[in-house]
Amino acid sequence: MPRLAKNPMESRLSPIRETFKAVKEDLSIANLCLGDPYVAPPDVVCEAFKKAIDDGRTHYENDAGAPRLRELIAERESAARGVAFHPYNHLVVTNGGTNGIYSISRAVLDPGDEVLLPEPIWIPFIEITRLLNCTPVFVPTQHEGNYLPSIEDLEARVTPKTKMVVVVSPGNPTGAVYDREKIDEIQKFCLRHGLWLLHDEAYKDIVFGDRQQHSLVGYAPNVIGVRTLSKSHAMTGFRVGWVISSNEDLIDRVRLNVAYNVMCASTPGQVAAVAALEKAADYLDEIVDEYGKRMRYAAERLQDIGFDLHMPTGSFYLFPRHNHPDDIAPRLLEEARVAVVDGRRFGPSGVGHFRISCSVDMPVLEAGLDRISQWWKGEVAVGRVTPASRP
Ligand SMILES: Cc1ncc(COP(=O)(O)O)c(C=O)c1O
């Protein structure tokens, strides 16, 4: 038998997807484990997609993205960030954010390189790094530090092989939003050591209250942004995102990787993306409002139950800390019929936490929290946990 390549053997499919497969069909389970918006995309988006097919937009697109879409993205990004992006030199349309992350990683990493990952972090960053025969280097973050990495912890892990730092803000799974000061400190750290800074902005638009998402994308040539319409416009199945940077050489490389990996993003998907950017601004306001309501409701309930939790600032995930000695996700599924993701899946600092997604219908969220509450009280009653103690 010929042998498989060595690299993927360490990689595993995301456990979130495995859990999802198991619970999808079972309506008796309150499913709080998914990162897929619970709402439908805006009507104008679906209509544009259908019309694109009727109009014969069913062929290959330009590998860097449809010109109209790139122009629109450049216009919107330039206005939002206060810096001029060229539609052809500074961005590439990708097959969702994941394809963007993979293409950036291929563009900047050589086998053996190390990537600094402040964790808990979205699992694909760990696995993509491994797939490219590179090493994910975990940088711990804690509840007490708002799940933001300290510069001392980053400094302590730099080696001559370090090539890139990843920032996911707003964060998945923690919901943390990096403030201006932290982003600036990390950029200074990157410049001191000659590192790339990949800023995953999948949840850029999903921030609450007066919280601002701060980013240096466009302001320095070592900074690369990843965007997607998956979360902001509930377009996970359309597969449209983009990579954006002021670094033209980097963008050329990303383009090569997109071209020789997926050829181009979906053509009707890109027509739908134009409709999303042009015609669905209200939708975004509404959806962020809805997420905000669910997040506040769930956060208060989880705090009442006794978990350590910050009031949410961004994304649609909550990451409560518990003091249970074990991974409680399988027991919550078995005994309480509620699906959550165990925190340790997102890196070692996730031990003693679980992630819930608030991107679900309100009755599902209520039922899930009722069940978690009852189950937790039972655990306290039999003395398995001491709510006042810390892990
Ligand atoms: C942090 C983060 N980045 C990127 C993505 C990529 O999403 P997509 O490939 O659907 O654009 C996700 C999806 O869950 C995410 O949570």
Side-chain angles (χ1 to χ4, degrees), residues 13-20 31-39 41 45 65 69 73 91-105 115 117-129 131 136 141 147 164-178 197-207 213 215 217 224-244 254 257-258 261-262 265-266 269-270 272-273 276-277 291 295 312-319 341 343 345-347 350 355-360:
L13 268 181
S14 164
I16 303 174
R17 295 205 150 258
E18 283 164 23
T19 313
F20 175 56
N31 185 355
L32 305 184
C33 73
L34 249 204
D36 202 336
Y38 70 103
V39 278
V45 164
L69 179 58
I73 294 171
L91 62 99
V92 175
V93 175
T94 57
N95 194 300
T98 311
N99 176 230
I101 294 163
Y102 195 85
S103 303
I104 293 167
S105 303
V115 182
L117 299 179
E119 51 84 27
I121 192 165
W122 190 51
I123 297 162
F125 280 108
I126 305 169
E127 300 303 343
I128 288 174
T129 305
L131 277 174
T141 72
Y147 298 104
M164 180 161 82
V165 180
V166 175
V167 160
V168 182
S169 174
N172 175 6
T174 64
V177 179
Y178 284 54
L197 175 56
L198 188 165
H199 190 157
D200 179 321
E201 301 187 298
Y203 300 89
K204 184 177 178 53
D205 300 309
I206 307 177
V207 287
Q213 190 263 10
S215 163
V217 169
I224 319 156
V226 175
R227 301 292 310 271
T228 173
L229 293 173
S230 285
K231 315 293 170 164
S232 59
H233 292 77
M235 288 173 64
T236 46
F238 288 77
R239 310 310 303 141
V240 184
W242 59 94
V243 170
I244 181 158
V254 170
N257 284 302
V258 173
N261 186 14
V262 296
S266 141
Q270 293 188 63
L277 293 178
Y291 286 139
M295 292 279 272
T313 46
S315 84
F316 46 63
Y317 306 105
L318 293 172
F319 201 57
V341 185
R345 306 287 183 183
F346 303 97
R355 187 193 79 171
I356 77 162
S357 166
C358 294
S359 180
V360 291

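One-based numbering, in listed order, for ligands and for the atoms of each. Quick caveat: nothing in here was measured; it's all calculated off a predicted structure. Numbering starts at 1 and runs along the sequence shown.
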Original post:
T236: heavy atom below 4.0 Å from ligand 1, yes or no?
Top reply: no
Subject >> N172-R355 side chain donor-acceptor pair, cut-off 3.5 Å >> reply: yes
Subject >> Mode of V168 contact toward ligand 1 - side chain, backbone, both, neither (heavy atoms, under 4.0 Å) >> reply: side chain
**OP:** Starting from atom 9 (O) of ligand 1, locate the nearest protein heavy atom and write down its residue, its atom name and how far away it is, to 0.1 Å.
**Re:**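 Ranking protein heavy atoms by distance from atom 9 (O) of ligand 1, first comes T98 OG1, 2.5 Å.
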Original post:
Under 3.5 Å, is there a donor-acceptor pair between the side chain of T174 and the main chain of Y147?
Top reply: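 Judged by distance alone, no pair lies under 3.5 Å.
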Going by heavy-atom distance to [atom], choose the closest among [options].
| atom | options | value |
| --- | --- | --- |
| atom 2 (C) of ligand 1 | N95, D200, N172 | D200 |
| atom 13 (C) of ligand 1 | K231, E201, R239 | K231 |
| atom 5 (C) of ligand 1 | Y317, W122, Y203 | W122 |

Which ligand 1 atoms are under 4.0 Å away from a heavy-atom of [X]?
| X | result |
| --- | --- |
| S230 | 8 (P), 10 (O), 11 (O) |
| A202 | 2 (C), 3 (N), 4 (C) |
| G97 | 8 (P), 9 (O), 11 (O) |
| T228 | 8 (P), 11 (O) |

Once rounded to the nearest 0.5 Å, what's the spacing between atom [atom1] of [X] and atom [atom2] of [Y]?
| X | Y | atom1 | atom2 | value |
| --- | --- | --- | --- | --- |
| L34 | T236 | CG | OG1 | 9.0 Å |
| S357 | N31 | OG | CG | 8.5 Å |
| I104 | L198 | CD1 | CG | 4.5 Å |

**OP:** Search all heavy atoms of P37 against all heavy atoms of S359 and return the closest pair with its distance.
**Re:**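 So the minimum-distance heavy-atom pair works out to CA-OG, 3.0 Å.
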Subject >> Min side-chain heavy-atom separation V258-N95 under 4.5 Å >> reply: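 Counting from C-beta outward, V258 and N95 never come under 4.5 Å.
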